[in-house]
Amino acid sequence: MKAHVRYWVNLAGAVLLSACAAGGPPRAVYNDRLPMYGGSGPRDDPAAQAQDEKLIADLIQRYGSRQAAAQKMLELGGRYFQAGNYAMAMRNFNQAWLLTPNSPDPFWGFAIVYDDQGKSCDAKAMIDRALSLNLSKPAELADAGRIYTYCAISDASLGAADRQQYFERAEELYFRAVSMASDNPYIYGSWAIAHYWQGDYADAWKMIKKQQALGGQPGEDFLQLLRTRMPEPRH
């Protein structure tokens, strides 16, 4: 799924499903707009556990299996995310996490919501959880590279050495992504953005050219931003 990148990607898509279709009753005892409902793992309170188990059972009954239900929640979260409805996106990513707490994908979902909200280092914390659980989808690895870059440039407490380490980690993630999907224009578009924020404007143009060669369309806002730093190469 193509993640929404603030400032230069136009939002697209409509919200087709109601809050009821997202599954489960309202959760009054904890915050479904925060990753893992504001905690760090499964809840200990017996009443809360019963509530979670009921939601899981309802979703499995509706979609046929735990994995199928989790995939549906991830898809719904992605749709809401693309539409800019971060509250509902986070709610569905939380439901996917309840169903599959050891999957990297819900943590990737938490990360892209935080990133789009301008909380880049909170996003990095979530993407690190995803990476620790063997995040391996190429587009998601590209998102991880972009998030590392954004955190590096937004965290004023980082020293030059740490910032450079984040940039190197971003490059490693992009190389991993492209090694698995060298024909995916999204990866190159994301990589161009990372190079821009790292100050590597020539490399940003190289990635744009690769993206375009594969049929990808860079956002015009981003192209204009890049042109202010370096004219577009003729070749």
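Position 1 is the first residue of the sequence; numbering continues from there.
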S.K.: Nearest 0.5 Å please: distance from the CD1 atom of Ile60 over to the CZ atom of Arg66.
M.R.: 4.5 Å
S.K.: Checking Tyr148 now: which residues fulfil ring pair (Phe, Tyr, Trp, His ring centres under 6.0 Å) with it, not counting sequence neighbours?
M.R.: Tyr166
S.K.: Give a yes or no on whether the backbone of Met230 and the side-chain of Trp205 come within a donor-acceptor separation of less than 3.5 Å.
M.R.: yes
S.K.: Consider only side-chain heavy atoms of I, L, V, M, F, W and Y, link residues closer than 4.5 Å, and tell whether Ile193 and Met207 are in one cluster.
M.R.: no
S.K.: CD1 of Ile112 to CE of Met90: how many Å apart, nearest 0.5 Å?
M.R.: 9.5 Å
S.K.: Could you report the tightest heavy-atom contact between Ala87 and Arg33, atom names first, then the distance?
M.R.: CB-NE, 3.6 Å
S.K.: With side-chain contact (heavy atoms from CB on, under 4.5 Å) as the criterion, how do Phe110 and Met36 come out once you've worked through the C-alpha distance, each side chain's angles and the decisive distance to 0.1 Å?
M.R.: CA-CA 9 Å; Phe110 300 149; Met36 296 172 285; 4.1 Å; yes
S.K.: Asp58 vs Lys54, test: salt bridge (charged side-chain N to carboxylate O under 4.0 Å, His left out). Steps then yes/no.
M.R.: CA-CA 6 Å; Asp58 288 345; Lys54 182 180 186 306; 2.9 Å; yes
S.K.: Please check if the side chain of Asp203 supplies one atom and the backbone of Ala192 the other of a donor-acceptor pair under 3.5 Å.
M.R.: no
S.K.: Below 4.5 Å, heavy atoms only, C-beta onward: do Phe93 and Leu74 meet side chain to side chain?
M.R.: yes
S.K.: Would a single hydrophobic cluster contain both Leu34 and Leu99, if residues Ile, Leu, Val, Met, Phe, Trp and Tyr are joined by side-chain heavy-atom contacts under 4.5 Å?
M.R.: yes
S.K.: Is there a side-chain contact between Lys209 and Glu232 in this structure, where contact means two heavy atoms from C-beta onward sitting under 4.5 Å apart?
M.R.: yes
S.K.: Do the non-hydrogen side-chain atoms of Ile208 and Leu223 ever get within less than 4.5 Å of each other?
M.R.: yes
S.K.: Tell me, please, which residues at least two apart from Tyr201 pass ring pair (Phe, Tyr, Trp, His ring centres under 6.0 Å).
M.R.: Tyr196
S.K.: Output a table of donor-acceptor pairs, distance under 3.5 Å, between side-chain atoms of residues 151-160 and any protein atom two or more places apart or on a different chain; print 'none' if there are none.
M.R.:
| unit_1 | atom_1 | unit_2 | atom_2 | d |
| --- | --- | --- | --- | --- |
| Ser154 | OG | Tyr150 | O | 2.9 |
| Ser154 | OG | Cys151 | O | 3.4 |
| Asp155 | OD1 | Ser157 | N | 3.0 |
| Asp155 | OD1 | Ser157 | OG | 2.5 |
| Asp155 | OD2 | Ser157 | OG | 3.4 |

S.K.: Are the charged groups of Glu168 and Arg163 less than 4.0 angstrom apart, N to O?
M.R.: no
S.K.: Please check if any side-chain donor atom of Asn31 sits under 3.5 Å from a side-chain acceptor atom of Tyr37, or the reverse.
M.R.: no
S.K.: Would one find more than 12 heavy atoms of other residues, nucleotides or ligands at under 6.0 Å from atom CD of Gln224?
M.R.: yes
S.K.: Would you call Asp128 and Lys124 a salt bridge, using N to O less than 4.0 angstrom?
M.R.: yes
S.K.: Under 4.5 Å between any side-chain heavy atoms of Leu141 and Leu131, yes or no?
M.R.: yes
S.K.: Atom CG in Asp200, atom NZ in Lys206: separation rounded to 0.5 Å?
M.R.: 10.0 Å
S.K.: Of all heavy-atom pairs between Pro218 and Gln211, which one has the smallest distance, and what is that distance?
M.R.: CG-OE1, 3.3 Å
S.K.: Below 4.5 Å, heavy atoms only, C-beta onward: do Val178 and Tyr188 meet side chain to side chain?
M.R.: yes
S.K.: Quick one: do the Glu171 and Trp191 side chains pair a donor with an acceptor below 3.5 Å?
M.R.: yes
S.K.: Are any of the side-chain heavy atoms of Asp105 and Glu140 separated by less than 4.5 Å?
M.R.: yes
S.K.: Which heavy atom of Ile187 sits nearest to which heavy atom of Ala177, and what is that distance?
M.R.: CD1-O, 3.6 Å
S.K.: So which atom in Leu59 and which in Ala69 form the shortest heavy-atom distance, rounded to 0.1 Å?
M.R.: O-CB, 3.7 Å
S.K.: Please name the pair of heavy atoms, one in Ser136 and one in Met180, separated by the smallest distance, quoted to 0.1 Å.
M.R.: O-CE, 3.2 Å
S.K.: Quick one: pull up CG in Asp122 and CD1 in Ile127 and give me the separation to the nearest 0.5 Å.
M.R.: 13.0 Å
S.K.: Is there a donor in the side chain of Tyr114 and an acceptor in the side chain of Ser120, or the other way round, less than 3.5 Å apart?
M.R.: no
S.K.: Ignoring hydrogens and geometry, is there a side-chain-to-backbone donor-acceptor pair from Asp32 to Arg91 under 3.5 Å?
M.R.: no
S.K.: Measuring from atom CG of Leu133 to atom CZ of Phe107, what distance do you get when rounded to the nearest 0.5 angstrom?
M.R.: 6.0 Å
S.K.: Calculate, to the nearest 0.5 Å, the distance between atoms CG and CD belonging to Leu98 and Glu53 respectively.
M.R.: 10.5 Å
S.K.: Distance only, no hydrogens: is a donor on one side chain within 3.5 Å (strictly under) of an acceptor on the other, for Gln67 and Thr100?
M.R.: no
S.K.: Within the 4.5 Å heavy-atom criterion, are Tyr174 and Arg146 side-chain neighbours or not?
M.R.: yes
S.K.: Identify the two heavy atoms, one from Ala170 and one from Thr149, that lie closest to each other, and give their separation to 0.1 Å.
M.R.: CB-OG1, 3.5 Å
S.K.: Looking at Asn92 and Met88, would you say the former's side chain and the latter's main chain have a donor-acceptor pair under 3.5 Å?
M.R.: yes
